[in-house]
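Since the structure comes first, as structure tokens, the remarks are kept for the end.
Labels below follow one simple rule: chain letters A, B, ... track the order of the sequence lines, proteins then strands, and each chain is numbered from 1. None of these values were measured; they are calculated from a predicted model.
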Amino acid sequence: MLARDRGAVAPALNLLDDTRPERRREALDLLEVLESDAPAPGARRIGVTGAPGAGKSTLLDAIVRNLRDQGRTVGIVAIDPSSRRTGGALLGDRVRVRAGAADPGVFFRSMASRERLGGLADATHASVTVLGVVFDYVFIETVGVGQSEADVEMVCDSLLFAAQPGAGDTLQFMKAGLMEIPDVFAVNKSDLGPPAERTRNELENALGMSERDAGWTPPVLAVSARDGTGIAELMATLDAHRQHLLDTDTLDARRRRGASAAVLDALERRYGGFGLDGIGGRAAAAERLNAAPEGAFNLLRKLSAEIEDRLRKG
Amino acid sequence: MSTPSDPKRDRPWVFRTYSGHSSAQASNALYRSNLGKGQTGLSVAFDLPTQTGYDSDHPLARGEVGKVGVPIGHIDDMQTLFENIPLDRMNTSMTINATAAWLLSLYVAVGERQGVDAKQLQGTTQNDLIKEYLSRGTYVFPPAPSMRLISDMVAYSVDEIPKWNPTNVCSYHLQEAGATPQQEIAYSMATAIAVLDAVRERSDIAAEQIPRIVGRISFFLNAGIRFVEEICKVRAMAELWDEITSQRYGVEEEKLRRFRYGVQVNSLGLTEAQPENNVIRIVLESLGVTLSKKARCRALQLPAWNEALGLPRPWDQQWSLRIQQILAYETDLLEFPDIFDGSTAIESKVNELIEGSRAELEKVLSMGGAVAAVENAYMKQRLVESHTQRVLAIESGELPVVGVNLYTESEPSLLADGGAQSILKVDASAEREQIERLEAFRAKRNGAEVEAALRNLKDVVASGGNIMPPSIRAAQSGVTTGEWAETLRGLFGEYRAPTGVVAGKAEGGSETTRSVRERVHALRKDLGRPLKILVGKPGLDGHSNGAEQIAVKARDVGMEVVYEGIRLTPEEIVHSARDEGVHVIGLSILSGSHGVLVKDVLELLRSEKLDGIPVVVGGIIPEEDAEALRAAGVRRVYTPKDFDLARIMGEIVDVVSESAAAA
């Protein structure tokens, strides 16, 4: 894996998804090694979200083509909802992301959100970590339904929101108070002309009203995945956001926050709120994770042991 | 033999048989023999590489050359296809869509070689891309350039090839994809409107040309076994078309508002079990489109009784032609005025269909029309839903199909039990021989002329000119099908249509479905994660309805389904099986190229050390081929007689459990 061997990626992702106890331990070993030994910051991690029909997959397809033309390798995790009723899931995005359908420089893994309706799949963070060791860019694609924006922010360095022209979803998005999460906005289907321009203006106005981090005002770009207009500018904007994170020394903090959230989440799923209370509660655990010099995954085993110890002592 | 004619009777419709296979020469012999038997028009079936714009030696053409139709790579092939068939006296229907402009150009060029002026040519190019996105899957370009090509052909032919129907709006394939009559009516009307609106906006079309253009729009319908409803459906379409053409397009002349249509009766309802019953189905379905004089088809082509088994032989096709001849010449069908006028039962059903479809049509128009409703997947999702309902109804027995879910006991079939002998086998050497002919053609043509014609094609199309003149020149200059399409791919790009499976509602389903779901959930413990399946279609076959139903059902039994859509190479399938970490691969192939493509997938899996992933295959696969596939390592083979999807899912769970235990 550390040799950036593509062949090791698929088995590693299967392992991270495996819930059998002995495989879980192996998975944790792998994550610990990657956390301590893989060169940081590694791959660019970019989230792509937006309402259904906004053209996320076609946009991603255009981005992947652009990156492949420059010789960059790409790993993609796409998350689709599972059926509440049957547990099954249709992972359909594959059909539109066609760039590199048999290209070793592109890796595509679709995941079902399973019990977490609308959110990310359990293994998302870990999978992104693995892909980030092997590929130059990692994309995380989710359907934007509210909760997932907040979740996907935790696994990416930059969050791209794809909006479609003239759609009420943008308005819904603003109402839901989620405007402050994405780092870059792209109004897709700019080839439609005036409706795209109108949506772009609406978004810019709305952004002017919301509070943002110092030094970064999320740009709103007009792009067309269909004819490729604006894709190069979009990539340049994402680069600029990365540079902003590096300049302000916030990339590392953002990653750490994401890893901590993933670990906390894993602990909570396994031991519940009661378990977490045993080690001083969620907030205290978060603080320890954020401060941990050895990294969040390395601390996971220790925190698990502490909780189990507490639970045994009752 | 001369055709019987009687002045007291109406003239019969045109009799056709959808046919073509192996090579232009073999197909020409078949056409001439069919015409000799009293067939009155031709219906050309092209092979998939021709339909999707690839030369016979392209990697994607592997295994597909000459399979579902005739390979036409260049003008010499086209000339051979119509050898000794005078084009000025023939009515030719071509099932061709993405490459329609090219095949029509070849036809015009061959006419020239025969000394026939384009103004005398009669026939139809199917040329309806909307239904390709929704059902048939031989589209190539995105919707906008596809609509432009259609509108170019309409604009060109109105004066240059005036007896030609440049587009045949298809509701046929919508029914095959599971459409209800209302959906069939609404979506085909929406398609016709999309075409006519596009033509009307052209600067090179004058307002006074519009009525004539409207008069050349024809339809291609399906006729199912509920033949009384089908009669009503056609009458409803005729009324709606009259209304649309007069109100939306201001056509005053009654003749130009007439609903003109051809038919291929239903294949969806033909069964592999007790296949001899299909003949009765075909006869009844024919009645639906011939009984009512007001709504009688202009041309009819009938499938053969053994279509669900494989390719029909000349004798099978002859039998279907005889059905038409008996209907037209022996019965008194053509001696009456419309026999349904005044029937209140028919009238009320017609009105009900008109109301239902008008509402659905309004909905599509309010989204921006047929193109928008393809891009946002609305129509496709509705079709997948309807088809799912149909499959469930057959599974539960609510929709009776004799020999399938009712009266399944049978004496051995005296017709079908000849095994491999009861279908046509395409000669395995057809592909190699076609490639040899292509190479010989390339060697003898004038390279400079070809290059100039391709440059001209590119320049004219890029600058917004009409596709037809440069395509006709390319045809005359010796350009190949692959070169023509490649030039347009470079300009327009390629398209992947939405699959429609994603948004469908999950079905609770039957008891079998529920018990399979429990097993899928239980298996999660052994696998460590939920069962994940890859469903894909290798090769050029675009008939995705079956694969979509499998994908939806797999989701409904609790599997995680990666559905890859159509036109995949074996490399792409193996690549994503690995990246996606699936437990099983399901392949669907209806074009008859299963032998080559499935073996390629198995070999690649072995060389990538992924042969632990079991493979199951579904398609129109004769038993003898099924045995060969199983011997090569395929774990299960499914054919049209396996209608019970829940049972198939149960077997897939078996296969995955076995593989997990062996690992």
B/Arg529 side chain vs A/Asp18 backbone, donor-acceptor pair below 3.5 Å
no
Ignoring hydrogens, what is the shortest heavy-atom contact between A/Arg6 and B/Arg578? Give both atom names and the distance.
NH1-NH2, 3.6 Å
Which of the residues A/Pro11, A/Ala10, A/Gly7, A/Gly55 is involved in the greatest number of heavy-atom pairs with chain B at under 4.5 angstrom?
A/Ala10
So does A/Thr86 get a backbone contact from the side chain of B/His521, meaning a donor-acceptor N/O pair under 3.5 Å?
yes
Please report the shortest heavy-atom distance between A/Ala112 and B/Glu560, naming the atom on each side.
CB-OE2, 3.2 Å
Counting N and O atoms only, with roles assigned by atom type, does the side chain of B/Glu580 sit under 3.5 Å from a partner on the main chain of A/Ser110, one being a donor and the other an acceptor?
yes
Once you round to the nearest 0.5 Å, how far does CG of B/Asp579 lie from CZ of A/Phe107?
4.0 Å
Tell me, for B/Leu527 versus chain A, whether the close heavy atoms (under 4.5 Å) come from the side chain, the backbone, both or neither.
backbone
Among B/Glu564, B/Lys532, B/Arg555, find the residue that satisfies the side chain to side chain contact (heavy atoms under 4.5 Å, CB included) test when tested with A/Leu91.
B/Lys532
What part of A/Arg24 gets closer than 4.5 Å to chain B, counting heavy atoms only: side chain, backbone, both or neither?
neither
